[in-house]
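Keep in mind that what you see is a predicted model, and the values were worked out from it rather than measured. Sequence lines set the chain letters: A, B, ... in the order given, protein chains first and strands last, and positions in each chain run from 1.
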2 protein chains.
Amino acid sequence: MLKNSEFIDKLRSSGLRPTKQRLKICEVLFNRDKTFHFTINDLAKNISEQLNEKISLATVYNTVHAFKNKGYLKEISINSDKSYFDTNITNHHHFFDEDSNELIDCDEDVIENLNIKKNITGKKINSVEVLIKVASDNQNQN
Amino acid sequence: MLKNSEFIDKLRSSGLRPTKQRLKICEVLFNRDKTFHFTINDLAKNISEQLNEKISLATVYNTVHAFKNKGYLKEISINSDKSYFDTNITNHHHFFDEDSNELIDCDEDVIENLNIKKNITGKKINSVEVLIKVASDNQNQN
DNA sequence: ATATAAATTATAATTATTCTAAACTGTTGA
DNA sequence: TCAACAGTTTAGAATAATTATAATTTATAT
């Protein structure tokens, strides 16, 4: 459980003003035991459940993007109509449950020896993401 | 270079009527030497360049989804405002060039021994996709 | 040929996201 | 302390991809 002053320091140190909206969003995102996988909509709902004044949707978008750019959030590649974010910024991979549209972290021992042996000339690798799509065993796939 | 009659057979055999729109789309998608990575917009533009009568955008969407459901196309996971599709339906992975928003197939020898050792209980694995995001070496990442 | 189901179409509707411009707030330094 | 300025928030409009609708057209089986 992080203190408010810790969030203030963190934001200031990365050049973001610690506004009350951002502090609230920090609290919702980072005061958790487990990784939080969310869409903007999940986050907005989560905030409004915990708060009587509302935070504008535009601010939620702005803040999530600011946090992503500062490296406090990761965006996860899923071909979907929405973007997914992850509070776990360590190098790790995901299952995506197509039944529930839910992301699940892969434990380290799920993927063995992932090793990229070549790269495109003149480019640097920014990220390597593995996405394992799963669905209920008895589901009709048509 | 596949013949029209081959596309007709293929469509019929999967329960899709071989309409002239679908045949034209088959031609654009599958009469190629190399894998085609595309967005709906890419495809629509490609069609309209080759055709004097137009195919409705709704039909392009319908057809791409039908082909995907029949397994003639793969959808690639990228967090982007658009969906990307691939005519290469074999098991393979991708680079995504963030400078140009372009997908590039990974050769088989790029990723070594990708091995999924565990799965979510009660689910079956539908796909495993690796996406390697790259960008120009000297690019500012903020 | 004709009936029927499937497909196409233009257009409207929906949804996620970004933009805009005005109001507000945090911070700096006189 | 407080004025000024840049950074932030905000509601709502704008944009863009995609899906839905409902009428028309087409493929095919009889």
Between the two ends of the helix from C/dA1-D/dT30 to C/dA30-D/dT1, what is the bend in degrees, rounded to 10 degrees, where each end axis spans five pairs? 20°
Ignoring hydrogens and angles, state whether a donor on the side chain of B/Lys74 or B/Ser127 is under 3.5 Å from an acceptor on the partner side chain. no
Please identify each residue that fulfils ring pair (Phe, Tyr, Trp, His ring centres under 6.0 Å) with A/His37, with sequence neighbours left out. A/His94
B/Glu108, CD: over 12 other non-hydrogen atoms inside 6.0 angstrom: no
For B/Tyr72, enumerate each residue passing the ring pair (Phe, Tyr, Trp, His ring centres under 6.0 Å) test, keeping only those at least two apart in sequence or located in another chain. none
State yes or no: are the ring centers of B/Phe67 and B/Phe85 separated by less than 6.0 Å? no
N-O pairing of A/Asp107 and B/Lys118 below 4.0 Å: no
The first and last nucleotides of DNA chain D lying within contact of chain A, meaning any atom under 4.0 Å from one of its heavy atoms, run from D/dA6 to D/dA11
Given side chain to side chain contact (heavy atoms under 4.5 Å, CB included), test B/Asn101 with B/Ser80 step by step and report yes or no. CA-CA 9 Å; B/Asn101 278 8; B/Ser80 161; 5.5 Å; no
Return the minimal non-hydrogen interatomic distance between B/Lys124 and A/Ser136, and the atom names on each side. NZ-O, 4.1 Å
For every nucleotide of nucleotides 15-30 of chain C, 5' to 3': is a protein heavy atom under 4.0 Å from its base (B), only from its sugar-phosphate (S), or from neither (-)? -SBBB------BS---
In a table with atom names and distances, give each donor-acceptor pair under 3.5 Å that connects a side chain of residues 58-66 of chain B to protein atoms at least two apart or in another chain.
| unit_1 | atom_1 | unit_2 | atom_2 | d |
| --- | --- | --- | --- | --- |
| B/Asn62 | ND2 | B/Ala58 | O | 3.3 |
| B/Thr63 | OG1 | B/Thr59 | O | 2.7 |
| B/His65 | ND1 | B/Tyr61 | O | 3.2 |

For A/Asn79 and B/Ile76, the nearest pair of non-hydrogen atoms, with its separation, is CB-O, 3.6 Å
